[in-house]
Participant: 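Sending over a structure as C-alpha cells; questions will come in a sec.
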Amino acid sequence: MSIRRRLPRTKLPTQNDDVVTPRRRGSDALPLPLHVTNFFFSFLFAGTVYFLLIRRGDKISTSTPLRVVNLSEILSLIGVIASLIYLIGFLGVGFVQSVFLRSSPDDDDVWDVNDIDCPLSIQSLDEPPRESDLTSEEDEEIVKSVIDGTTSSYSLEAKLGDCKRAAAVRREAVQRITGRSLTGLPLEGFDYDSILGQCCEMPVGYVQIPVGIAGPLLLDGREYSVPMATTEGCLVASTNRGCKAIHLSGGAFSVLMKDAMSRAPVVKFPSVRRAALAMFYLQDPAHFKRLSLIFNKSSRFARLQSITCSISGRNLYPRFACGTGDAMGMNMVSKGVQNVLEFVKTEFPDMVVIGISGNCCSDKKASAINWIQGRGKHVVCEALIKGEIVKNVLKTSVEDLVELHVLKNLTGSAMAGSLGGFNAHASNIVSAVFIATGQDPAQNVESSHCITQFEAEGEDLHVSVSMPCIEVGTVGGGTQLASQSACLNLLGVKGSSSDEEKAGSNARQLARIIAGSVLAGELSLMSAIASGQLVKSHMKYNRSSRDIGPSSQLNR
C-alpha cells in the first residue's frame with residue numbers, strides 16, 4: 001500500500017507524522033548511482049585538464065598565441081568548469097541538483113514511501129506509534145523554536161519556570177531533531193526541580209538502575225544493609241555471601257587512617273628561582289597558620305591540614321589537603337585554594353595561575369600520589385574468617401585462598417604493572433554503592449585503589465583491605481536526590497551530623513561501610529575463583545537471551 005503525505009519543504013516532523021521529507025544532496029541530482037557519476041566527472045576533469053596542458057605546450061613550441069583557441073579547446077574548458085562544479089558540489093551543494101534535475105514545485109513536496117529505499121519515518125515502521133509528552137499547543141510552538149534555534153535548549157527551565165515541562169519539551173525536540181525515539185527512557189516520576197543547578201543540565205528523562213541489598217554486614221559491632229545499584233548479575237549475591245561469612249565469624253573491624261580531600265593548582269613563575277622561593281614560602285611552618293586562616297574562610301567546615309609542593313622547571317604544583325566535613329568537598333577545597341592563591345599573589349606578584357587544577361590532585365585519575373599519600377578517606381578493614389566458615393560457606397580452603405591471592409592479587413597485578421589494583425574486584429562494589437548513595441561515579445577510579453591481603457592464621461583466614469582514597473560525602477551533589485537519600489538513610493548516614501563537633505562523622509562512616517562491603521566482595525569472589533564456581537555462577541545468573549536473536553542462540 002502506497003503511503004503518500006504532502007509536506008511543505010520547511011515543515012519539521014512532529015509526533016503525528018508518518019514520514020518526513022529527506023534531506024536533499026547534490027548526489028541526488030542524477031538518476032545514476034553515485035559512484036558512476038563520481039567516476040565520470042573525475043575522468044572528465046582529469047582528461048580535459050590534460051588535453052589543455054598538451055595544447056598549451058604545442059602552442060608554445062609553435063609560437064602560437066595562447067589566446068587563440070579552437071572549438072575543441074572551448075569544449076575542454078567547459079568540461080573543466082562543469083566537472084569542477086560537480087566535484088565541489090556533489091557532496092551537497094544544491095546548484096548541481098537545480099541544473100541536472102529540476103522538479104515542479106508540487107513534486108518537491110510529495111514523496112512516496114514505496115519509492116524510497118530507506119525508512120524515513122521518525123520512528124521505525126516496526127515500532128508502535130510514539131506518544132507525545134507535550135501538554136499544550138504552546139509547548140508545540142516552543143519545540144519548533146528549539147528546533148529552528150530561536151530558543152536555546154539550556155534556557156527552557158528559566159523560560160518556562162517548570163522543570164518537568166522543560167524536560168518534556170526538550171525531549172520532544174531531541175526526538176524530532178535526531179529522528180530517534182526515546183520511548184523506554186522514563187520521564188514521569190522524577191523531581192526535576194531537585195537537580196536544577198546542581199546535578200544534571202538539560203535533562204530529558206532518567207535512567208533506572210536496580211538496587212539490591214547485601215547484608216547484614218556486621219562492621220564494628222553494628223549491622224548494615226548495604227544498597228548496591230548495579231546491572232551486573234551475581235554481584236549483590238556474591239557480596240551478600242561475603243557478608244554472611246563475615247557475620248558468622250564475628251564481624252569485621254575498620255580503622256579510619258586519614259580524612260583529607262586535595263586540590264593541586266598549577267602556577268607559573270618567570271624563573272626556577274622564583275618558583276622555588278614560592279615553594280619554600282608555602283611549605284614554611286611559620287606561614288601555615290596565616291594560610292590556613294585564609295583557606296578556612298571559604299567554609300565553616302573547611303580545615304586546611306597541609307601543603308606539599310612539587311616543582312617542574314618554573315612551574316609549581318602546590319597540593320592542598322583539608323578536611324571537608326560531611327561533604328565530598330571538591331568545590332569547598334577549590335574555593336579555599338583560590339583564596340590562598342590570591343593572597344600569595346600579593347607576596348609573589350609575578351606568579352601566574354595557569355589552572356586551579358594541575359592534575360597533581362589527582363581527581364578521577366589513577367595516580368601514584370593518591371596511592372601513596374591518599375585522598376579523601378583512608379580506611380583499613382579486616383576480618384578473621386573461621387576455617388569451618390571458609391569450608392562450609394565459601395566452599396574452599398584457607399590454603400587455596402592464600403595461594404590464589406599471592407599469584408593473582410599480588411604477582412598477577414605486579415606483572416600487569418597495576419597501580420592501586422592489587423585486589424580482585426574492589427571497583428565493582430565501590431561503583432555499586434557510589435551509584436546507590438549519590439556519589440560521583442567517576443571518582444570510582446581512585447576510590448577503588450585497594451590492596452587486599454589473605455593470610456593463614458592457624459586454621460583460620462585473616463583478610464583485610466587497605467583503601468587510601470575513598471572519596472565520599474553525605475551532603476551535596478546527588479546525595480540529596482530522593483532515591484539516593486533513601487539509600488543513605490538505610491545506612492544511617494543521611495545528611496550532616498547534628499553535632500557540629502562531630503562534623504564529617506556520617507561521611508567517614510560511609511567510607512568505613514564501603515571498605516567493609518569491599519572486604520565481603522573480595523572474600524566471596526576469591527572463594528568462587530578458588531573453588532572453580534565463578535563461571536558456573538555467572539552462566540546461571542548473569543546471562544540474558546532477551547536481545548539475542550534465534551540465529552545467535554544456535555550454538556548454545
Side-chain angles (χ1 to χ4, degrees), residues 1-14 17-126 144-150 153 173-180:
M1 174 179 171
S2 177
I3 302 174
R4 300 178 65 88
R5 181 177 294 272
R6 186 176 299 275
L7 295 172
R9 285 188 192 177
T10 58
K11 181 179 179 181
L12 293 163
T14 67
D17 288 334
D18 295 322
V19 297
V20 297
T21 302
R23 179 176 176 267
R24 290 291 188 92
R25 297 171 298 181
S27 58
D28 299 328
L30 295 176
L32 296 175
L34 181 60
H35 68 276
V36 174
T37 57
N38 287 350
F39 175 79
F40 172 77
F41 282 103
S42 299
F43 181 80
L44 177 63
F45 178 79
T48 51
V49 169
Y50 178 77
F51 174 77
L52 291 174
L53 291 175
I54 294 296
R55 289 293 300 152
R56 181 177 182 276
D58 292 342
K59 289 182 178 181
I60 292 175
S61 61
T62 59
S63 300
T64 303
L66 295 177
R67 64 178 179 274
V68 177
V69 295
N70 54 27
L71 180 61
S72 62
E73 292 172 333
I74 292 175
L75 294 176
S76 296
L77 286 171
I78 294 174
V80 169
I81 295 172
S83 58
L84 187 60
I85 290 174
Y86 174 82
L87 293 175
I88 293 176
F90 85 96
L91 290 176
V93 177
F95 173 79
V96 178
Q97 182 166 327
S98 65
V99 171
F100 291 102
L101 183 62
R102 186 179 302 277
S103 303
S104 66
D106 290 340
D107 289 340
D108 283 342
D109 293 336
V110 179
W111 290 85
D112 195 321
V113 171
N114 293 336
D115 297 333
I116 301 174
D117 294 332
C118 59
L120 296 175
S121 57
I122 283 295
Q123 59 203 35
S124 170
L125 294 178
D126 296 330
K144 293 179 180 179
S145 69
V146 171
I147 294 174
D148 62 28
T150 57
S153 178
V174 168
Q175 291 182 117
R176 297 187 193 180
I177 291 172
T178 63
R180 301 286 182 177

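In what follows, every heavy atom counts, from backbone to side chain, and hydrogens, waters and symmetry copies are set aside. These numbers come from a predicted model, not from an experiment.
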Participant: Can you tell me how far OG of Ser76 sits from CG of Leu44, rounded to the nearest 0.5 angstrom?
Facilitator: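 Reported value, rounded in 0.5 Å steps: 9.0 Å.
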
Participant: Measure across Phe45 and Leu84 and return the closest heavy-atom pair with its distance rounded to 0.1 Å.
Facilitator: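 Looks like CE1-CD1, 4.1 Å.
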
Participant: Working to the nearest 0.5 Å, report the span between CZ of Phe51 and CG of Leu77.
Facilitator: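 The CG atom of Leu77 is 9.5 Å from CZ of Phe51, to the nearest 0.5 Å.
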
Participant: From Thr48 OG1 over to Leu52 CG, what is the distance, rounded to the nearest 0.5 angstrom?
Facilitator: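 Going from the OG1 atom of Thr48 to the CG atom of Leu52 covers 6.0 Å.
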
Participant: Sub-3.5 Å donor-acceptor pair from the side chain of Ser145 to the main-chain atoms of Thr150, do we have one?
Facilitator: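 Answer holds: no.
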
